[in-house]
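Letters A, B, ... are given to chains in the order of the sequence lines, protein chains preceding strands, and every chain is numbered from 1.
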Amino acid sequence: MSIEYVLVSEGEQDEPIELPTEEDGSLLLSTIAGQYADASGLKYRSGGRLRGLRLVEDRVLPPAEGWSAHRYFCAFPRSDTLSESPRPRCSDLIVLGLPWKTGEDTVREYFAAFGDLLMVQVKRDMKTGLSKGFGFIKFADYEAQLIALGRRHMIDGRWCDVRIPNSKDGGSVAHRKVFVGRCTESLSADDLREYFGAFGQVTDVFVPKPFRAFSFVTFLDPEVAQSLCGQDHIIKGVSVNISTASPKQDRSARSQLLGWGLLDNGAPRVYSWPPDAWQHSAHSAHTHTAPIPDTKPYLKYD
DNA sequence: GTTGAGCGTT
């Protein structure tokens, strides 16, 4: 049997690489590991189902139909798939508020600073060719998408918003913020930032002053925030409880939170960037690490 | 030729 090349990608959605087989028709695990270090095997999709390939020693054996019948992707040890959260794929992002004059070249130039771009569009009127004031972008890297969603953008002299298309809550703080209960006065904002920074980038820490037995921590990635909810963590010997920042409330609890300025009242409001600020008292201690572009007033309806 | 909340001719 002669050497052939097998299409192997890391995940099912990723771009495949051609990997060479051995003389006996097998694919060495070490050959796979040369591209995907932690791969423990290969699988493929057949009739809507996933099938694993036979592994003998360090050799992955082809399916009965031969290598060329399928495209393959990597299997990883369970421990890895649990610890390394599989990063979501990038989605198209809508860019709202573009200046009329702004074209795709400028949009591309601006967002390239956040990461590689797979797509840039500025929507225009078919007849006149004039910009409709919005467009779409897609990043290659999900981290870049998170950064872009997490702030506003000054493009050609106008503040623009990046959101996930057709999602009301594209990157809203509600899903990025957690409530940290049972705090003691010994837990400073810096303590919380340092501790929770291990789980993902923290963009805001709120510790009420004067002391109350709770805090808020806001992450860049909503998935990090959501993954922590319901857990108890010990920080500097203090057992705190993490829950969603906007729990369902009965009326009395809700009115109390409203009194604290912690809940929305449903009316249009003007607030500053970062948007976290509007939920808290002006005397509260916020600390920031994320780049904060400006303090332009930001009208939001929600 | 204008405009400023929204959601993509293919």
Atom-pair distance ([atom1] on [X]; [atom2] on [N]), nearest Å:
| X | N | atom1 | atom2 | value |
| --- | --- | --- | --- | --- |
| Asp125(A) | dT3(B) | CG | P | 16 Å |
| Lys123(A) | dG8(B) | NZ | C1' | 4 Å |
| Asp156(A) | dG4(B) | CG | C1' | 15 Å |
| Arg158(A) | dT3(B) | CZ | P | 12 Å |
| Leu93(A) | dG6(B) | CG | C1' | 16 Å |
| Lys138(A) | dG8(B) | NZ | C1' | 13 Å |
| Phe136(A) | dT10(B) | CZ | P | 12 Å |
| Arg124(A) | dG4(B) | CZ | P | 19 Å |

Practice task
Kindly state each residue pair satisfying side chain to side chain donor-acceptor pair (under 3.5 Å) with at least one member in residues 40-57 of chain A, sequence neighbours excluded.
Solution key: Glu12(A)-Arg45(A)
For [X], all residues meeting side chain to side chain contact (heavy atoms under 4.5 Å, CB included), sequence neighbours excluded:
| X | value |
| --- | --- |
| Phe111(A) | Val95(A), Val107(A), Phe114(A), Leu117(A), Ile137(A), Phe139(A), His153(A), Ile155(A), Val162(A) |
| Pro99(A) | Lys101(A), Thr102(A), Asp156(A), Arg158(A), Cys160(A) |
| Pro16(A) | Leu7(A), Ser9(A), Arg71(A) |

Handout entry: Presence of Lys132(A) side-chain N/O under 4.0 Å of dG6(B) phosphate oxygens OP1/OP2
Key = no
Exercise for the section: With sequence neighbours excluded, give me every salt bridge (charged side-chain N to carboxylate O under 4.0 Å, His left out) pair touching residues 106-127 of chain A. Expected result: none
Exercise for the section: Look at the aromatic rings of Phe134(A) and Phe136(A) and report parallel, tilted or perpendicular, splitting at 30° and 60°. Expected result: perpendicular
Problem - Sub-4.0 Å heavy-atom contacts from residues 96-116 of chain A onto DNA chain B, ordered by number - result: Leu96(A), Gly97(A), Leu98(A), Pro99(A), Trp100(A)
Completion exercise
Contacts of Phe134(A) and Thr128(A) projected onto DNA chain B by closest heavy atom; the upstream (5') one is Thr128(A)
Fill in the blank from the handout: Between Leu130(A) and Asp92(A), whichever has its closest DNA chain B nucleotide further toward 5' is Leu130(A)
Exercise for the section: For Asp24(A) and Ser26(A), test the side chains for any donor-to-acceptor distance below 3.5 angstrom and give the result as yes or no. Expected result: yes
